[in-house]
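Here's the structure, in structure tokens; my notes come after.
Just so you know, these numbers use all the heavy atoms, side chains as well, and skip hydrogens, waters and symmetry mates. In this chain, numbering begins with 1 at the start of the sequence shown. Just follow the structure's listing: the first ligand is 1, and inside any ligand the first atom is 1.
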Amino acid sequence: MPTIQTNSYIQDFMDNVKAKNPAEKDFHQAVHEVVESVYPYIVNHPRYKDAKILERMIEPDRIIIFRVCWEDDNGNTQINRGFRVQFSNAIGPYKGGLRFHPSVTLDTFKFLGFEQVFKNSLTTLPMGAAKGGSDFDPKGKSDREVMRFCQAFMTELIRHIGKDTDVPAGDIGVGAREIGYLFGQHKRLTNRFTGVLTGKSLEYGGSLIRKEATGYGCVFFVEEMLKNNEQSIEGKRCVVSGSGNVAQYTAEKVIQLGGTVVSFSDSSGTVYDPSGVTQEKLEFVKALKNERRGRIKEYADKFGCEFLEGKRPWNIECDVAFPSATQNELSLDDAKALVANGCQALGEGANMPTEPDAVKFLIENGVLFGPAKAANAGGVAVSGLEMTQNSMRISWDRNDLETRLQNIMKQIHSQCLQFSTDANGTPNYVDGANIAGFVKVADAMLSYGIQ
Ligand code: NDP
């Protein structure tokens, strides 16, 4: 139970964050969650409080914003905005994905970059944190337009990244195609073949398991939470939101472990398939989303199941939920529906998909809640392994990498448990992830003195 002193510290802290970063609501939300977890811990470990580590951690090392001009297929000039928020290189080179989506603002990248600090720390690998991207919308663009945009974007970003400085990867709207164009332009302009991006294709330095890593890792994390409760994914009914990279490979691993996936979604609605997604149906989703770039409704049309237009999947009965689309996609009402329908565990595949009051409700009601910075850290972990393979100029095999990924997710789970608080007998993994992620970065910062 937080004391009055704790509450007033958090209030003052957040007032200051809001005054300095007005209108950045997602950033406020991400910081608030961390401060709520970490402040009670640093009260008992005053070296962090005295050195103002938390106050320092919420200021990014630097923010880069730039203009990206490119020519569309009709010869018109198009103007987008590019961003890179280099949040912290306390424990390694900046590392984090690029997102191309029309909704993004500086707020988006500050929240994602801040989350990345703790996530990368939890992976046990030496990676700092950054996030970036653009308000460019790849949807509806031709391949040539995407190529010209990526080349223009990299022409500016190149000044700020490098294999020992900052190593971007993919995120929403940035998949294998975009990484190829970005890497190609970097190679052309520098005349160097270096591991400056991760998520590359296998032919030019990519790692096996990278595309699967976030989804597989999320399922491994949930499996650990369930094991700790003497249960497993096998036989569980799972709802998945999204139908992109994270959703696809979450579904694949659930199926491999003997669970049943009954939904996918995209920004137009949800497909509900009570008979369960099979590997064959999943291959259809992969081709639909990664190659044809179509809408998920086509799944319902092809396999004769229900399409819930404009709806999210949280009203569907399930044992486990995997929000894997985007931030704030699961509200308090959705959380209530999940609990009423018997949901026992949730793994956040997306970043910050669950609204704060929904997180509280789920934990208070005994749902094993795997927060994003722990549950979806598998992607960046395998990116870290891709960097290692590039530096060593070797390629590990698939089994080796999947075992490494599984072990990292187990270690992340153990660290979270070690620092978790107890919520009526259920481990509070949110506190566990925030504190465990904080300690490593904070100790490194203390070593550097005041900077
Ligand atoms: P993709 O672009 O492959 O897929 C995104 C999916 O989410 C699509 O189904 C998309 O639907 C849906 N979506 C995106 N924005 C919205 C929105 N505003 N409302 C409803 N649905 C939306 O992205 P990823 O799978 O890579 O990323 C999904 C989430 O996972 C993000 O939060 C990302 O930050 C996080 N993540 C990704 C990692 C990775 O390795 N890729 C690593 C760690 C976290 P539509 O096609 O209609 O846009």
Quiz item: Do we get K187 above F193's six-membered ring, with its NZ or CZ under 6.0 Å from the centre and within 45° of the axis?
Solution: no

Quiz item: When you measure from the centre of the six-membered ring of F136, is the NZ or CZ of K141 under 6.0 Å away and within 45° of the axis?
Solution: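 The answer is yes; both the distance and angle limits are met.
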
Self-check item: Minimal non-hydrogen separation, V430 against S37, with atom names
Solution: O-OG, 3.9 Å

Practice problem: List the atom of A375, the atom of G370, and the distance in Å for their closest heavy-atom pair. | Solution: CB-O, 3.6 Å

Quiz item: Salt bridge or not for K311 and E306, using N-O below 4.0 Å?
Solution: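 Result for this pair is no, no salt bridge flagged.
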
Quiz item: Taking any residue with a non-hydrogen atom under 4.0 angstrom from an atom of ligand 1, which ones do you get?
Solution: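 Near ligand 1, by chain and number: R99, H101, K139, D171, I172, G173, R210, T214, G242, S243, G244, N245, V246, S265, D266, S267, K289, R295, S324, A325, T326, G349, A350, N351, N376.
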
Practice problem: Could you grab the distance from atom CG of L122 to atom CE of M409, nearest 0.5 Å is fine? | Solution: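 Spacing of CG (L122) from CE (M409) equals 9.0 Å.
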
